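First comes the structure, then the notes that go with it.
All values derive from a computational prediction rather than experimental measurement.
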Amino acid sequence: MDVDGKSSSKGEEEKKNAVVVILVGAPGSGKSTFCDHVMRVSTRPWVRVCQDTIGNGKAGTKTQCLTSAAAALKDGKSVFIDRCNLDREQRADFVKLGNPQVDMHAVVLDLPAKLCISRSVKREGHEGNLQGGRAAAVVNRMLQKKELPKLSEGFSRITFCQSESDVQGAIDTYSALGPQNTLPSGSFGQKNPDAKVQLGIMKFLKKVDSPVNAVSKGDSLKDSVTTDKENDSSSIGWEEVKRVEEVKGGEDLAFSSLESTSSFDNVPTLAFPSISTADFQFDLEKASDIIVEKVLEFVTKLGNARFVLVDLSSGSKILSLVRAKAGEKNIDSGKFLTFVGDITRLYSGGGLRCNVVANAANWRLKPGGGGVNAAIFSAAGPSLETATMERAGSLAPGKAVVVPLPSTSPLFCREGVTHVIHVLGPNMNPKRPNFLNKDYKKGCEVLREAYSALFEGFASIVKSQKAFYEEPTVKLGSVQLVSPVDFKIPRKNQFSNADQKVKREDVYESDRNKKCKVVHGEHGSQTGATNGIDNAQNEKNNGSMSKAWGAWAQSLYHIATNPEKHKNDVMEISGDIVVVNDLYPKAKRHLLVLARYEGLDRLADVRKENLQLLRTMHDVGLKWAEKYLSEDKTLIFRFGYHSAPSMRQLHLHVISQDFDSKHLKNKKHWNSFNSAFFRDSVDVMEEIDKFGRATLKDEEILSMELRCHRCRSAHPNIPRLKSHIGNCRAPFPAFLLQNGRLLFATDKDGTNQ
DNA sequence: GTTCTAGAAC
DNA sequence: GTTCTAGAAC
């Protein structure tokens with residue numbers, strides 16, 4: 001073949017997999033950043049066509065962009081169209097660039113207008129020269145004519161990003177898109193079915209807005225796995241699963257705002273290969289019976305957790321057997337899926353989030369061999385082997401070992417896998433060690449044992465991470481404000497009788513008062529320092545049957561009550577608050593903003609009428625954090641409340657994120673600031689405003705595993721964790737970067753608008 | 001032997 | 001909340 005022939009055939013090949021991604025978003029929505037992030041790490045050749053830069057200083061034109069995009073495509077490159085593309089007409093000409101060889105995608109950066117505006121206003125040297133006050137007006141005007149893209153415009157895939165974690169998710173997806181890979185078709189991530197312009201996701205499931213190249217998908221969409229058992233060839237594939245996920249997302253919307261980070265907003269899911277049926281030649285009929293039996297057992301045990309049986313081959317016999325048997329047993333198809341795909345690319349390959357992956361390991365727990373074991377060790381990188389060896393040196397048939405995946409592992413970063421469970425099944429292959437010589441009685445026993453061990457391992461992870469997945473629960477309560485039994489006699493005159501300790505649980509409303517929500521009208525003799533106390537405050541103080549405060553837990557209460565007696569410790573006093581340094585700081589800077597309201601012992605006592613107080617506390621906290629930031633720009637601050645504080649009197653923690661302190665000594669210390677137990681002030685205010693109370697996490701989450709607050713890597717004990725966090729410079733999880741949960745030093749002395 | 005955790009007392 | 005310490009884990 002001559003040179004020309006060669007190059008043109010190569011060109012053909014590349015062109016076949018080219019993709020045009022039309023970014024849709026207002027100025028400040030992060031389009032250029034998106035491209036930069038993807039292009040920095042992608043192995044696929046990308047060209048960014050940016051209308052702001054294409055004119056070489058002058059304003060660029062749409063035509064220039066079209067020409068440039070077409071040229072890049074001809075060159076076999078994939079293209080980002082980096083311009084606002086907010087309405088259909090603007091997009092139409094670019095969509096025409098698509099053809100059977102070129103996938104046409106849209107990525108919608110549909111972030112809050114406020115955020116786009118503030119970014120546009122702040123930025124300097126923006127390529128489009130859109131900055132300063134003018135930006136706000138422009139962004140506002142543009143957003144008004146926003147028209148979200150639809151598949152029917154000619155897109156084969158649309159990704160909607162409505163939060164920074166969505167954006168990160170999309171960046172990850174496109175970053176992982178190798179030169180030969182394609183992404184599944186469909187519409188992803190649209191959470192707000194405000195569908196003036198866009199079909200709701202439920203509707204989408206029922207009736208596909210047929211994308212240009214989605215012929216294969218046709219009308220074979222199924223609501224569940226089990227319903228398509230008659231169609232042997234179609235195990236659930238990427239697209240179907242994704243759609244199931246989307247629907248779930250829609251249903252869970254009510255809870256999604258609170259703890260949703262890209263890694264934690266999903267149901268705990270275990271992906272597992274069929275054990276022993278490949279290299280170990282276990283009988284498929286028997287194996288499928290056992291899989292279904294064990295899944296059934298654990299699906300009921302494990303509440304909302306999900307199980308996914310994965311096989312690489314679409315013609316997999318074991319998958320179709322299991323699917324058929326699961327159907328017969330009526331296993332909830334939302335809890336158990338069979339899935340055709342690569343177990344090491346479940347998320348990046350198309351969006352199935354599995355936080356735990358099972359490995360069909362060998363007894364040495366070593367990489368190599370073939371099949372799933374080789375694939376998982378290779379995809380996870382050397383850190384899996386190290387982490388595995390820390391846990392176990394070998395594995396007996398029927399046993400499993402849970403290995404928390406270090407954050408350095410690509411399987412962790414790219415796929416969101418937090419644990420690998422190695423499991424070893426029985427061997428029926430005479431060429432392998434521990435051959436059972438057709439003894440299926442023993443074989444079945446061991447295989448059952450293996451699945452039990454695997455699922456038990458998964459259950460233990462679910463338990464330890466429960467806090468991240470559970471929908472918010474109000475602790476202290478099934479207690480509703482309207483529930484009469486919960487009312488207690490409001491404590492009056494508490495401040496004036498500070499010595500007279502009244503234990504909360506000793507004081508209950510008597511039966512005769514249960515029916516009426518009595519307002520104990522007469523004002524007690526509130527004295528001196530007790531600003532802000534009134535009966536409304538006391539009245540709603542029905543925190544529930546919480547434990548009494550020990551004598552040791554009273555110190556903050558005393559300070560809030562009589563700050564003048566603690567002059568040496570108190571940094572600021574007002575009618576509403578007192579600021580003190582934490583006596584045992586858990587970081588370089590750690591202060592407490594105490595509320596000076598009687599009856600507000602803890603977050604559980606806070607109600608809507610305290611919203612203004614919360615805002616005051618937050619603002620005071622901010623002010624102090626800013627002061628410390630001006631002295632040390634490396635600090636990063638977080639503001640929040642403990643779900644169940646040890647010390648009496650509502651207090652806001654203002655704490656720097658170095659956690660560099662000799663006082664941070666145990667798991668409880670760490671997790672109380674670095675799990676969902678710590679309720680960010682901004683979220684608390686929002687919940688109080690919306691729902692009248694804050695969601696609280698149970699104390700049991702304080703004993704869960706230790707993970708780095710930045711990179712989320714797991715560590716076996718506090719000393720190891722501390723040495724890790726001393727060096728970890730990974731960016732914070734997306735969740736913390738949103739909504740001002742973290743306060744960083746500003747680069748410039750920027751003026752706030 | 002040393003390190004680390006976890007439960008009780010305060 | 002901390003301190004102390006038994007005993008588990010390494």
How would you label the contact of I718(A) with the nucleic acid (heavy atoms, under 4.0 Å): base, sugar-phosphate, or nothing?
sugar-phosphate
Under 4.0 Å between a side-chain N or O of K665(A) and OP1 or OP2 of dT3(C)?
yes
Going through the distances and angles, do S713(A) and H715(A) end up as a side-chain hydrogen bond (donor to acceptor under 3.5 Å, both in side chains)?
CA-CA 7 Å; S713(A) 58; H715(A) 300 270; 2.7 Å; yes
The residue among W670(A), F678(A), F673(A) that forms ring-ring contact (aromatic ring centres under 6.0 Å, His included) with H709(A) is W670(A)
Looking at H669(A), I'd like to know whether one of its side-chain N or O atoms comes within less than 4.0 Å of OP1 or OP2 on dG1(C).
no
Rounded to whole angstroms, how far apart are CG on N671(A) and P on dA6(B)?
11 Å
Can you measure R648(A) atom CZ to dG1(C) atom P for me and round it to whole angstrom units?
16 Å
Test E456(A) against K294(A) for salt bridge (Lys or Arg N to Asp or Glu O under 4.0 Å), laying out the working first.
CA-CA 11 Å; E456(A) 290 289 357; K294(A) 285 292 160 189; over 6 Å; no
Between P on dT2(C) and CG on L556(A), what's the gap in Å once rounded to a whole number?
12 Å
Using a 5.5 Å cut-off between ring centres and planes within 30 degrees, is Y584(A) stacked on the base of dG1(C)?
no
Aromatic ring pairing Y451(A)/F272(A), orientation class (parallel under 30°, perpendicular over 60°, tilted between)
perpendicular
Euclidean distance, atom NZ of residue K667(A) to atom C1' of dA9(C) [Å, nearest integer]
13 Å
In whole Å, I'd like the distance from the NE2 atom of H715(A) to the C1' atom of dT5(B).
18 Å
Between P on dT2(C) and CG on L664(A), what's the gap in Å once rounded to a whole number?
9 Å
Per W552(A) side chain, nearest of listed nucleotides dC10(B), dT5(B), dA6(B)
dC10(B)
Rounded to whole Å, how long is the line connecting atom CD of E699(A) with atom P of dG1(C)?
9 Å
Rounded to the nearest angstrom, tell me the gap between atom CG in L702(A) and atom P in dG7(B).
13 Å
